[in-house]
Number of protein chains: 2
Amino acid sequence: MTNKTVDFYSKAAKMHVATDCIVFGFNTGELKLLIFKRRVEPHSGDWSLIGSFVQVDEDVDNAARRVLKEITGLDNVFFEQSKTYGKADRDEGSRCISVAQFALIRIEEYDKKLTEKHGAYWYRIQDLPKLVLDHDQMVIDALEILRQRAKHQPIGFELLPEKFTIPQLQSLYEAIYQRSLDPGNFRKKVLSFKVLIKLDEKDRSSSKRGAHYYTFDHENYKKLLRSGYNFEVI
Amino acid sequence: MTNKTVDFYSKAAKMHVATDCIVFGFNTGELKLLIFKRRVEPHSGDWSLIGSFVQVDEDVDNAARRVLKEITGLDNVFFEQSKTYGKADRDEGSRCISVAQFALIRIEEYDKKLTEKHGAYWYRIQDLPKLVLDHDQMVIDALEILRQRAKHQPIGFELLPEKFTIPQLQSLYEAIYQRSLDPGNFRKKVLSFKVLIKLDEKDRSSSKRGAHYYTFDHENYKKLLRSGYNFEVI
DNA sequence: ACAAAAGTGTTACGTGTACACCCATGA
DNA sequence: TCATGGGTGTACACGTAACACTTTTGT
């Protein structure tokens, strides 16, 4: 590295880089968000998203995975970058920009002990409390992106258990878009993509007849994507 | 601020934060990108996007506006955040994350003297040279987002002069999506949105009959958006 | 008068939507 | 056997795509 380089970089300011996770979950027909009570100043005790500073030798994406694992115990979670928040005055603690990322997790699988230990709770998105800093805006933006994605990719499967029924899937989409869908049309649409594998087993928890379980056909999905398929679910 | 706070923040690493601009322009029926020859190490002399470090007291969004103004002389440019690049090893100079933002500019209006002074050139997106660091990927991602946006918002108008004809607009969309569109259908579709104002004046540069100039009706666009309208151009 | 681009009209087709209807089963 | 949610079938409306056709005007 030349002296010129050192000079050029050294003149530039350094700042904290954080990542905040908008963690979506789904159960009992409701879209939920994992938030927790902040334990450091400023705003200790207020509600906040789960976040962390990014370490010097750590990819930003990985920082998000690290925190989420610390809190939920979950690995291999679906993550996607949402937006970066870079207003100079967004954090009065110190100049700090935050890369927001949203995660979709199967709510049944996370470790309740861990989340309780960290003071984390699932809230319905409709009745979230006021969050710290610009975290309210982060949630609004992430929801927007989730809706956008869910329209064209079968992203919703990330939020359901391995085995799920079509009515369950429909209920998820209804929760995401906050509107009701026609059962017949939804079923036809979603089956037309040929990315669901029907199982023999049935779920009888919500009707006497029972609804068939399905699993997501990852193989076929990838194949179809490569051949330029577009999944317009809604 | 409590001691606890100081402690918490001070333990976290600080790093450089940069912003890189993917500057799109459009003329002679081609989608162009503004890139320039890098003048600092590492990679001095290689082709690069236009970027800068973010200053301590500067919003990330404004940093992008600042560089673009320095180079093109343009103010009031359409900007949108694209993605943040945060791999630990993305810049060998020093740990540095970059918030990529794309800009749409009216190519006729920029100051040629300024861009020449800074060693900046317009390249057709089809034949861009290899760019420095992860800038190639930034362009790919930004194009993807531009296409996404252009599908649902009349974003394309940002790339055209104040007055433009419908065939011009069509040619822009054809450049963005790299496919040809039916003139009749395109015209019908775009006029159906009621966000174009027809002017008396005609552009005779590309036909004897001449094509009517139109302007974008910002007022009506905002009104329609508020009432929940969706602009599906393609 | 003809070429060439602008602009209009018409029709066929596929897809989404609404809704009627049948199925399976526990109580 | 009836109520309930699962699942199938169908008819209509509408948006889109393809393309034929008309208009304008400089050469």
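Here is the naming used below: chain letters follow the sequence lines, and residue numbers restart at 1 for every chain. Keep in mind that the numbers below use all heavy atoms, side chains included, and drop hydrogens, waters and symmetry copies.
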* To do: Inspect the surroundings of CG in D127(A) and state if more than 12 heavy atoms from other residues, nucleotides or ligands are less than 6.0 Å away.
  => yes
* Can you tell me if NZ on K113(A) sees more than 12 non-hydrogen neighbours from other groups inside 6.0 Å? -> no
[N] OP1/OP2 closer than 4.0 Å to side-chain N/O of [X]:
X	N	result
S205(A)	dG5(D)	no
K189(A)	dG16(C)	yes
R209(A)	dT4(D)	no

* To do: Mind telling me whether Y221(B) and F216(B) have parallel, tilted or perpendicular rings, with 30° and 60° as the class edges?
  => tilted
* Asked: Which nucleotide sits closest to the side chain of A211(A): dA18(C), dG9(C), dG7(D)?
  -> dG7(D)
* **Of the listed nucleotides dA5(C), dG6(D), dG7(D), the one nearest the side chain of R187(A)** => dG7(D)
Whole angstrom is fine here: how far is it from [atom1] in [X] over to [atom2] in [N]?
X	N	atom1	atom2	value
H212(B)	dA5(C)	NE2	P	18 Å
F186(B)	dC19(D)	CZ	P	20 Å
Q168(A)	dG5(D)	CD	P	15 Å
R204(A)	dC23(C)	CZ	C1'	13 Å
K202(A)	dA24(C)	NZ	C1'	6 Å
Q170(A)	dG7(D)	CD	C1'	12 Å
L181(B)	dA6(C)	CG	C1'	16 Å
N185(B)	dG7(C)	CG	P	15 Å

* Using a strict 4.0 Å threshold on nitrogen-to-oxygen distance, state whether E201(A) and K163(A) make a salt bridge. => yes
* First encountered from the 5' end of DNA chain D, between D182(A) and P167(A) -> P167(A)
* To do: Mind checking T165(A) for me? I need base, sugar-phosphate or nothing, with any heavy atom below 4.0 Å counting as a touch.
  => nothing
* To do: For the pair Y110(A) and W122(A), evaluate ring-ring contact (aromatic ring centres under 6.0 Å, His included) and give the outcome as yes or no after the intermediate values.
  => CA-CA 11 Å; Y110(A) 75 104; W122(A) 287 101; 5.5 Å; yes
* Asked: Got a donor-acceptor pair under 3.5 Å from the side chain of K188(A) to the base of dT10(D)?
  -> yes
* **Earlier contact from the 5' end, DNA chain C, for G184(A) and K208(A)** => G184(A)
